[in-house]
Every structure is written in C-alpha cells, then in structure tokens.
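The structure displayed is predicted, hence computed values, not measured ones. The figures here come from the full heavy-atom set of this structure, side chains too, leaving out hydrogens, waters and symmetry mates. Each chain gets a letter, A, B and so on, in the order the sequences are listed, and its residues count up from 1.
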Amino acid sequence: MEDSVYTEQMIASIRKVEATRPKRLEEAKRGYRFDKLSLKDSQELLEKFHPDYITEQKRTLRVGPSKGEILNIEVVNIFEGHSRIFKQYDEFLRRIKSPDYVTDVLIIGGGGAATSAALMAYKNGAKVILATKLRTGDANTMMAQGGIQAAVTPVDSPAIHYLDVIGGGHFKNEPELVEALVNDAPFAIAWLEKLGVMFDRNPDNTMMVLHGGGTSRMRMHSCLDYSGAGIMRVLRDEVKNHPEEIDLLEFSPAVELILNDRGECIGAIVFNMETEEYHVIHAKATVMATGGFGRLHIQDFPTTNHHGATGDGLTMGYRAGIPIRYLGAVQYHPTGAAFPEQIVGLLITEKVRGSGADVVNVDGEKFVFPLEPRDVEAAAIIREATPCENGGKGKGMATSTMYGVWLDSPLIDLLDGEGTIAKKLPAMVRMVNRFGIDMTKDPILVYPTLHYQNGGLVISANGSTILPGLFAGGEISGGVHGTNRLMGNSLLDVVVYGRRSGTSAAIYAKEKFIDWGKPTIQHVFEYEQEIAQFEDIPEDRITPVLLPDYTPEHVKKKQLTTSYSGNLW
Amino acid sequence: MANNDISDNSNVVQSNEVLVTEQTTSKPTTVPIFIMGKRYHVPSTLTILKALEYAGYRLLRGVGCRAGFCGACATVYKTPDSYKLKVGLACQTVVEPEMWVTELPFFPAVKKTYDIEKIPATAEAVMAIYPEIARCVACNSCTRVCPQDLEVMDIIQETLHGNLKKAAELSFDCVMCGLCASRCPAEIVHYNIAILVRRLYNRHLVPNSLELAVRVEELAENKYQNEVDRLKVLDEEQLRKIYSVRPREGSPGVELKTNRIDWDDEIMKGNVK
Ligand SMILES: Cc1cc2nc3c(=O)[nH]c(=O)nc-3n(C[C@H](O)[C@H](O)[C@H](O)COP(=O)(O)OP(=O)(O)OC[C@H]3O[C@@H](n4cnc5c(N)ncnc54)[C@H](O)[C@@H]3O)c2cc1C
Ligand code: SF4
Ligand code: SF4
Ligand code: FES
C-alpha cells in the first residue's frame with residue numbers, strides 16, 4: 001500500500017478492518033450479517049440522528065396551496081421565490097397568445113419518466129414535444145446503479161412487494177399509488193425487455209434478481225451497476241427513432257406553465273439557455289417530469305444528483321396550484337464516497353452492500369445490519385461517525401474535512417469468488433480506481449449523501465394532477481414512496497408513472513381537451529402578490545433555479561454587472 | 001512572456017486569494033492550467049470540471065451527471081511532457097500542471113432511425129443501417145481514446161463478424177461521450193452502432209424470460225389483486241404487525257414455500273382481524 005491515496009491513520013484503521021474480516025466472512029457465509037433494528041429502535045435512532053429531524057434546518061412554508069408545511073430552508077426558498085417572467089409580465093402576457101410551437105402533448109424533462117411518457121404518448125397517437133434542460137438523458141435516471149424492482153419470481157408477488165414498499169415508506173404511502181406501482185412492475189420490466197434493455201440474466205435466461213435495502217424477496221433487476229444507464233440509453237435511442245412525432249427541444253428548460261381562462265393547463269414557456277430566447281409552447285396536455293432537487297444541497301450535504309436536479313417542476317407546479325406531499329422527508333443515501341475529496345458525495349451503490357460488503361467502523365467492527373431501510377442505515381452511520389462530544393459514538397474515520405465509516409468491499413470477492421466485484425460492479429471499480437482506490441483489496445470510506453426527493457407534487461394513480469391538462473410522474477411526485485423510498489422503486493416509479501402519465505396525457509388531448517380558451521399567466525401574478533406580503537424574500541431570488549451556482553466567491557466579487565442568486569445571467 | 005496580457009496580472013491576484021482561503025484547509029497548492037489556451041490558476045486537487053467552475057466558467061454544455069455516467073464532458077488535453085493528445089471525462093480527471101485543455105461536448109454524429117422489432121439481429125442488418133462500419137481500417141484510434149477503456153475497435157470488428165453478443169458485452173459500459181467518433185478515419189459513429197447492436201441482441205437473440213412472461217399473464221388475470229386489496233384496507237397498526245413478521249428470503253432458517261401471504265397465520269397471530 002506504499003503509494004496508496006489513503007493516509008497513515010486510514011491505513012492503520014484498514015488493518016483493523018482486515019483483522020475482523022475472517023470472522024465476518026464466516027458469519028456472512030452462515031447468512032448472518034447483523035441484527036436488524038426493531039421498528040421502535042429504528043424510530044429512536046431516526047429522531048436523534050437523521051437530518052430530517054433537525055428542526056433548526058427547517059422552516060414553515062408561508063405561501064401557496066401547501067402553506068404551513070415544514071420543509072428544509074433550501075426547499076422553502078424555491079417556493080418563496082420570484083417568477084423568472086414576472087418583471088416583464090405584460091410582455092409575456094402578450095407573447096403567450098401567439099405560440100412558437102403547438103402540439104398535442106408537451107413533456108417537460110429528459111429523464112426516464114419523460115422519455116417513457118413521450119413514448120407512450122406517441123404510441124397513443126399524440127404529437128409530442130419533449131423540452132428538457134440539458135441533453136436528453138442528462139438526468140438522475142442515467143446515474144442509477146443498483147437496479148429496478150419487480151416481483152417476478154415464484155416466491156414473490158405484487159402483494160409482498162406492496163408490503164415492502166409501504167413498510168419502507170413508514171406506512172405513509174398512498175395505497176392507490178403503491179398498488180399501481182407494484183401491479184405495473186412486471187409489465188414495466190417486460191416493456192423494457194422488449195425494447196432491448198440488457199438486463200442481467202441467469203443461465204436459464206430468467207432475470208437475475210438480488211435483495212435491496214428493505215426487500216423481503218429478491219426482486220432487484222439490474223444491468224450490472226449501470227442499471228439506469230442501461231435503461232436510459234435505450235429509452236433515449238427509442239425516442240430519437242421518431243423524430244417526426246417526438247420533437248426534442250434540448251437546453252430549453254420550462255420556466256412557467258401556461259393556463260387558460262377555464263383554469264386548464266395548456267402548455268409552458270421554455271427558455272432557450274443558449275440564445276436566451278423564451279419560446280411559447282401550446283399543448284393540449286402537459287407532463288411534468290423534471291425529477292428531483294439534489295442540487296439544492298439541502299443542509300449543505302454533497303449530492304449524488306445530476307447537474308440539473310434543482311426542483312424546477314416543483315416550483316412551476318406549485319405556483320400553478322398543485323399541493324405537495326412529504327417534501328420534508330429527504331433521502332440521504334447511506335453510502336456516499338467520503339474520500340478522496342474529488343469524489344465526495346458520489347454514490348457508492350447499495351448493490352455493494354447487497355452483494356455482501358459490511359459497514360464497519362474505524363475499529364473494523366460491525367454496527368448496523370447493512371440493508372436496513374435507507375434512512376435508518378444513514379442515521380446509524382451518522383451516529384457511529386459523529387464525535388462523542390456531539391452525541392455520537394466517535395467511531396468514525398476522520399478525513400481533512402469530514403468523518404466516514406468503512407464499506408468493506410473486499411468481502412464480496414471472498415464470499416463469491418475472486419473477480420465477482422470486477423464483474424458485477426464495473427462502474428464502481430472504475431470510478432474509485434480513477435482516484436487511486438482498489439476496492440477489490442481495500443475498503444471504501446463512506447458517509448451519507450443527499451440522494452432523493454421522497455415527496456413531491458400530489459398525483460393520482462393515472463398520473464393526473466388537480467390541474468386539468470397537467471400530468472406528472474417520476475421523482476417529482478409525492479406519495480408513491482411515503483416518507484422513504486427503497487432502492488429500485490424509483491427507477492420503477494419513473495417507468496410506471498412515466499408510462500401512465502404519458503398515456504393519460506395522450507388520452508386527455510384526444511378526448512377531454514375542449515379548446516385553447518384564453519391563455520393566461522394569472523396564477524403567476526397572484527402568486528407574486530402573495531409573496532409580496534413578505535419583506536424578507538429577496539428580489540433576486542428567482543425560481544425555478546435551472547442551474548446550480550458553483551462560481552466561487554473570488555470570481556463573483558469581480559463580476560460586478562452580473563446578477564446571481566438562482567439566476568442564470 | 002512577461003508582457004503577455006492583462007489576464008496574466010489578474011491571475012496573480014487570483015492565486016494570492018487562493019492562498020489565503022486555502023490556508024485554512026492546509027492545502028495551499030495551486031497549479032496553472034490553460035483552458036482553451038488561456039491561463040488560470042486552480043487548486044491542484046480539482047477535477048477538470050470543477051477547475052473550469054473555479055476559474056469562473058458557468059457550465060451549460062459539457063456537464064451532465066458530474067459522476068462519470070453520462071458522457072457530456074468529453075475532454076481533450078495535452079501536457080508539456082508529451083506530444084500526445086490525452087483524453088478523459090472532465091468530471092473524472094484531476095487537473096495536471098500546465099495542461100492545455102478543452103471540453104468537446106458535442107460531436108456531429110448521425111443517428112439513424114429504425115424499428116427494432118422489424119430488423120433482424122445480424123451483421124448485415126447493422127451494415128444496412130450504418131454502411132460506413134465496413135470501412136474500418138483497424139487502426140485502433142478509437143480504442144486509444146476511450147475514457148472508459150473499452151476495446152472500441154473490437155466492438156466494431158465483432159459486429160462486422162456477426163458476433164453481436166460479444167459486441168454488446170464489450171460496449172456495455174459505453175457512456176456515449178463521442179471521443180471515439182472524433183478520431184475515426186472511417187467516420188464511424190461507434191456508440192450509435194453499439195446501442196443498436198445491444199438492443200438487437202437483447203431483443204432478438206436473448207430469449208425472453210419465461211418467468212416474467214408467466215407473471216405478466218397472471219397479472220392480466222388479476223391473480224394477486226385479492227391480496228393487494230386486502231392490504232390496502234388494513235390500518236397502520238395491522239400493517240406494521242404483518243410487516244415486522246414477514247419472512248425474508250435467504251435469511252437463516254427461512255424456507256419459502258409460497259408467494260402468498262399466509263393470512264390464516266396472520267389472523268392466528270392476531271396481526272389482522
Ligand atoms: C446516483 C443515483 C443513483 C440512483 N440509483 C438508483 C437505483 O439503483 N435504483 C432506483 O430505483 N433509483 C435510483 N436512483 C433514483 C432514480 O434514478 C431517480 O429517482 C429517477 O431516475 C428519477 O427519474 P425522473 O425521470 O423522475 O428524473 P430525472 O431522471 O432526473 O430526469 C429529470 C429530467 O428533467 C430535466 N429538467 C429539470 N428541470 C427542467 C426544466 N425546468 N425544464 C425541462 N427539463 C427539466 C432534467 O434535466 C432531466 O433530464 C438513483 C439516483 C441517483 C442520483
Ligand atoms: S466507446 Fe466511444 S462513446 Fe463510448 S465511452 Fe468509449 S469513447 Fe466514449
Ligand atoms: S478508429 Fe475507426 S477505423 Fe480505426 S479501428 Fe476504430 S473504428 Fe476502425
Ligand atoms: S458530467 Fe457526466 S460523465 Fe462527466
């Protein structure tokens with residue numbers, strides 16, 4: 001380990017991890033990994049150590065349909081922000097009457113939910129425009145590693161899947177939404193199989209399935225540890241196979257919805273970020289599929305999310321009157337990389353634990369069952385790593401900026417034979433390797449990282465919202481996963497609810513759409529008036545955020561004529 | 001060089017500031033890099049992507065996942081020690097002192113359209129769609145630039161020889177960054193061919209999962225709806241009870257004989273009424 005990137009203290013700690021490994025290996029072979037926490041102990045642990053329970057980091061939302069909700073400050077801020085179009089309200093009011101594009105279905109977003117919706121809307125006879133912020137497929141979907149759940153084996157059933165989903169979600173899930181999720185799951189996998197997704201298979205060509213955190217049956221389907229990419233690349237390819245029927249507008253995020261005088265959604269205003277033009281799109285039905293909000297860096301956590309995950313659809317939908325649900329529950333992935341600096345916050349997939357790696361402390365001791373539901377697992381790691389003076393156990397390994405615990409990956413090869421890691425986890429091996437770590441020989445230092453938006457806009461089982469003409473699906477929605485999503489159920493969510501919302505939108509466009517009516521953005525005006533009551537909302541807090549701001553202070557200080565704060569230029 | 005330009009001066013100031021702010025974290029080293037030929041001083045530990053941001057670029061193109069999965073940030077660079085062009089993903093490559101660097105976020109490449117259901121999984125079919133594939137001169141330029149270290153030339157060669165399975169496996173980790181296509185003398189767009197090959201292979205050569213097909217059929221007949229309906233109306237307390245006693249596949253002592261929830265047993269245990 002001479003030229004190791006690990007520090008001397010880390011290497012000393014790794015020796016301890018190695019010392020306990022034979023015993024842990026022997027236990028794992030017997031099927032024992034660690035005692036699971038009872039529901040009561042889990043609850044106590046959560047209340048003391050999960051970031052969701054830190055009240056100082058939260059604030060009451062004062063405006064809009066769900067005012068009174070207590071959310072993280074960063075999230076309140078996107079709702080208590082000014083519309084990008086308000087300063088030129090009259091001009092926009094004039095512009096929305098003469099559209100630049102007219103279509104049956106407008107899909108906002110370019111991830112798994114959006115592309116699934118686009119394909120289903122197309123299949124149901126609609127002309128589609130897909131407007132997205134970066135390139136199609138620059139999305140959280142592309143980054144998913146672990147897999148996608150569906151109950152397909154003879155010992156599994158949608159009912160058992162249902163039980164796992166709802167228990168993982170702390171029994172807060174909407175029954176109707178869970179029902180659709182688990183019942184559609186096998187159809188979703190079969191659809192992807194038919195589109196040519198390269199799933200991992202057993203020798204008899206059945207799907208290879210594994211456990212994930214909180215599953216009682218093995219039902220995690222995967223494409224090695226490129227599961228999201230395996231799916232996203234195919235969906236993108238298929239969307240691009242229909243250029244006549246599905247028009248892609250890239251680098252053109254939506255900034256506000258357009259309604260009509262009957263209060264129906266009839267499209268959106270999009271912003272071409274390259275030319276800085278605003279375009280008006282009229283659509284008989286609209287699907288909001290803008291994904292999550294990891295790039296808001298809630299409570300200053302690093303994040304696993306892609307560059308464009310700034311909660312835009314939440315802002316637009318909320319302004320148009322759609323309530324939110326469970327947005328206060330944020331998912332921190334238990335195992336984000338904690339060292340070296342360049343990869344802090346990036347995901348070390350749950351599949352590493354699913355494949356047999358233990359989570360151990362600085363002394364090499366196990367302290368938690370490695371596949372607890374995510375919030376419990378994350379809280380256990382935070383408790384173990386937090387110094388004693390701050391109420392933790394003080395058993396974390398220190399880096400120059402943070403604490404972490406070890407994810408003992410070499411155990412996987414010892415359990416299942418040399419080469420297993422390289423074969424099953426190529427993305428992980430490659431990523432840590434690029435920064436000097438050989439995970440087949442040494443453990444990886446990990447700490448929880450901001451990962452997933454458990455809640456979101458309220459939808460119903462067909463993907464509709466309370467706003468006629470507006471549908472939504474994927475990470476943007478709330479209720480499917482209660483207050484805690486299990487791995488593999490969100491990739492499933494995006495395919496199931498992407499398909500449902502796309503289908504529903506096409507049917508709405510065909511059967512329910514009356515006429516365009518009189519286009520308005522009155523909801524933006526009214527929302528601004530509500531905001532105007534509060535003097536502490538800064539004028540330059542413009543939302544949707546669109547892109548995270550990583551310009552360092554020393555540069556900003558000299559960019560005197562430019563404005564920032566949630567703004568682009 | 002002394003009188004290079006104004007930006008040189010401002011960089012001096014910049015790097016001083018860096019020293020001040022960095023002292024607290026005990027890593028004072030910055031290195032000069034040339035972004036599209038213009039010099040900036042950046043902390044030596046940053047990835048190229050973060051170095052661009054540190055220098056003041058607000059990225060729109062050339063950034064996606066920030067984690068090595070999306071291929072948005074293909075980057076080419078040279079270092080003083082070599083005449084060779086080096087490549088990498090900006091989000092996955094640490095800066096080197098004196099590097100000359102630019103992102104290559106877009107490369108014009110043709111993506112053909114097709115109906116995956118209708119085309120057979122053969123080399124001929126792929127060649128009919130992308131005829132240029134036959135022009136490969138086996139120069140290996142594509143392989144040399146792949147930031148994922150894939151055997152890109154072999155992907156093309158295996159496809160030509162009709163071994164779609166091998167080509168699919170070899171190309172599985174492709175992030176579609178476009179670097180291979182930018183170097184190919186035969187103007188082949190490797191990643192578009194590779195996704196076609198993977199889809200064809202999985203659609204037509206891998207037999208469908210029978211187990212999955214059976215489950216889909218069962219669901220079409222609503223086989224499990226009763227149990228789901230029953231779960232849907234339980235109150236939280238009852239759900240909690242059933243949830244906490246549910247057996248976990250693979251745990252010691254658990255032998256699963258059925259995929260039915262044992263309602264009789266649950267009622268006996270008082271978990272449900
Ligand atoms: C690193 C990582 C690993 C994960 N692993 C797993 C896993 O193993 N299993 C699992 O089930 N789930 C996993 N997840 C979660 C899962 O991938 C996501 O929840 C899911 O893919 C979200 O899909 P989506 O389509 O809703 O959103 P996304 O895929 O994020 O797509 C949202 C799209 O909307 C676009 N957009 C944003 N704002 C706007 C706007 N204003 N206008 C237009 N377009 C906009 C974005 O650019 C993007 O293209 C993981 C997530 C991450 C980040
Ligand atoms: S094969 Fe080509 S497109 Fe794919 S990762 Fe390698 S260089 Fe990039
Ligand atoms: S660069 Fe082009 S011609 Fe050269 S080996 Fe690769 S595919 Fe063939
Ligand atoms: S930003 Fe996605 S690979 Fe670098």
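- Remark: A/R430 fails to qualify as a cation-pi partner of B/F69 under the 6.0 Å distance and 45° angle criteria applied to the six-membered ring.
- No side-chain heavy atom of B/R198 sits under 4.5 Å from any side-chain heavy atom of A/V197.
- In this structure, A/R217 contributes its side chain and B/R248 its backbone to no donor-acceptor pair below 3.5 Å.
- Side chains of A/Q342 and B/T45 form a contact here, defined as non-hydrogen atoms less than 4.5 Å apart.
- Using cut-offs of 30° and 60° on the angle between ring planes, the pair B/Y54 and A/H554 is tilted.
- The contact between B/D229 and chain A is made entirely by side chain atoms (from C-beta outward), counting heavy-atom distances below 4.5 Å.
- A side-chain N or O of B/Q225 and one of A/E179 form a donor-acceptor pair less than 3.5 Å apart.
- Between the side chains of B/K111 and A/N241, at least one donor N or O sits under 3.5 Å from an acceptor N or O.
- Not counting sequence neighbours, B/E221 has no partner by the salt bridge (Lys or Arg N to Asp or Glu O under 4.0 Å) test.
- Residue contact with chain B, scored on non-hydrogen atoms closer than 4.5 Å, is absent for A/H161.
- Heavy-atom distances place both the backbone and the side chain of A/L163 under 4.5 Å from chain B.
- Using a cut-off of 4.0 Å between Lys/Arg side-chain N and Asp/Glu carboxylate O, A/E274 and B/R61 are scored as salt-bridged.
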